[in-house]
Amino acid sequence: MNPSVTSLDSKSAINASCQQSNDGKILAGIIKGVHRRLRQELKESGDSELAWIKHCRNKTQLKEYAKSMHQLATEHWEQLRESNPDTSRINWCLTFLLNYFLGNGCEIQRQKLKLNIEWPKLVLKDAKISVLDVGSCYNPFNEYSKELDVLPIDLCPALESVYQCDFLTVPVGEKNIIEDQSILVLASNSFHCVVFSFLLEYFPSSKQRWTCCEKAQQLLMEEGVLLIITPDSKAAHSNSKVMRSWREALDAIGLKRIKYEKLLHAHCMAFRKTSVDPSQQLTSQDRECLASKMYIPQDFNNQSDSEHEEKDDIKFTEEELAEGFTYLPMLNE
Ligand SMILES: C[S@@+](CC[C@H](N)C(=O)[O-])C[C@H]1O[C@@H](n2cnc3c(N)ncnc32)[C@H](O)[C@@H]1O
């Protein structure tokens, strides 16, 4: 073997890998910039609805975000998934769903409740699990069309096969109404699963995250599951107070956490829809309090110390505030 050829090959491989990593950082920079601007807009106007309307009007920015996210996920994160499948949020969701709906996962949950009742049969149409993937971007579940019947929706889809829909404002009705490639209404009690994969931290306010969770609860069938994936490369315990807070909020609307797993770069959680006692109707004050529990560290960034002090149990280090939940490969510089 000619040693000079080998060293040239390995040099160009290193160069290619550096170039790829730089490209990834540029894409991540675009994504983080959009999140930052949205948070900034909320800070300036103090009105989450106004900030959101302004954000949605900026089509150029939304399209650039969609393109960057699509490229980052398929060209960069996909490599990580191939080399270590256990790091993949998509694999995690699929494994959970197959076990819960086609294995004995749901049955185990029923038995845990020790209710002396006749449980209804879980009905799957054409043996498929119906999934609403919110903030789907490029429909990462597309490859599992044998097992899953996915309705992929996004504020600004990266692909034409994904339906346009603003989940924050779309009404819930009796049946899905789709016009062209846009969703006008989503049907209540109609999905086995709703997925929020890297969705909730996009929103600058806990109220918006809460709106999404309440809507997911309405859209799920009884015993259906909400899967929440949120990015974080730190150890599980470092954001455990945030995860606990989300769990308490969702519990109050009958979404019981039945699975939690920390992957290398994400927290993965499954919440099972159970019926809520109708006598325990939430007041608007209750709902406001529950909404505030859907916080993330970035919500408290750049606040004055006095504001910070009020949230006695929610204190973060400088490092936590800086990294928040955006600590992902290439989202972490
Ligand atoms: C970080 S990307 C995640 C993409 C994909 N779920 C994944 O795991 O790779 C967040 C996505 O949520 C979408 N999104 C944000 N707000 C939304 C809303 N109100 N309704 C629907 N999609 C939304 C964005 O357009 C973006 O594509």
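We count ligands from 1, going down the list as the structure has it; atoms in each ligand are counted the same way. Both backbone and side-chain heavy atoms feed into the values below; hydrogens, waters and symmetry mates do not.
Each of the atoms 20 (N), 21 (C) of ligand 1 lies under 4.0 Å from some heavy atom of C165. Below 4.0 Å from some heavy atom of F167 lie the following atoms of ligand 1, by number and element: 18 (C), 19 (N), 20 (N), 21 (C). When each atom of ligand 1 is checked for a heavy atom of Y202 under 4.0 Å away, the hits are 15 (C), 16 (N), 24 (C). The distance from ligand 1 to the heavy atoms of M69 drops below 4.0 Å at these ligand atoms: 1 (C), 2 (S), 9 (O). Residue L199 has at least one heavy-atom neighbour below 4.0 Å for each of these atoms of ligand 1: 12 (O), 14 (N), 15 (C), 23 (C). Proximity to Y65 (heavy-atom distance under 4.0 Å) selects the following atoms of ligand 1: 1 (C), 2 (S), 10 (C), 26 (C).
The shell of residues lying under 4.0 angstrom from ligand 1, judged by heavy atoms, excludes P140.
For atom 17 (C) of ligand 1, the nearest non-hydrogen atom of the protein is L155 CB, 3.8 Å. Closest protein heavy atom to atom 8 (O) of ligand 1: S197 OG, 2.6 Å. Here the heavy atom of the protein found nearest to atom 10 (C) of ligand 1 is F198 O, 3.5 Å. Closest to atom 19 (N) of ligand 1 among all protein heavy atoms lies D166 OD1, 2.8 Å. Protein heavy atom nearest atom 6 (N) of ligand 1, with residue, atom name and distance: G135 O, 2.7 Å. Residue, atom and distance of the protein heavy atom nearest to atom 27 (O) of ligand 1 are D154 OD2, 2.7 Å. Distance from atom 7 (C) of ligand 1 to its nearest protein heavy atom, with residue and atom name: R89 NH2, 3.5 Å.
In this pair, Y202 and W52 present their aromatic rings perpendicular. The plane angle is above 60°, beyond the 30 to 60° band.
By the 4.0 Å N-to-carboxylate-O rule, E143 lies close enough to R81 to be salt-bridged with it.
If you look at Y65 and H55, their ring centroids are not closer than 6.0 Å. For W77 and F198, the ring centers are positioned less than 6.0 Å apart.
The CD1 atom of I31 sits 5.0 Å away from the CG atom of L72 when rounded to the nearest 0.5 Å. Separating the OG atom in S245 from the NZ atom in K293 is a distance of 5.0 Å, to the nearest 0.5 Å.
Contact annotation: for W52 versus ligand 1, heavy atoms closer than 4.0 Å belong to the side chain alone.
Within a 6.0 Å radius of NZ in K128, more than 12 heavy atoms belonging to other residues, nucleotides or ligands are found. The number of heavy atoms from other shown groups lying within 6.0 Å of CZ (R287) does not exceed 12.
When only interatomic distances are considered, the shortest N/O to N/O separation between F203 and ligand 1 does not fall below 3.5 Å.
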Criterion side chain to side chain contact (heavy atoms under 4.5 Å, CB included) on V131 and L227, from CA distance to verdict: CA-CA 10 Å; V131 176; L227 302 186; over 6 Å; no
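A 4.5 Å side-chain heavy-atom check between K259 and W92 finds at least one atom pair inside the cut-off.
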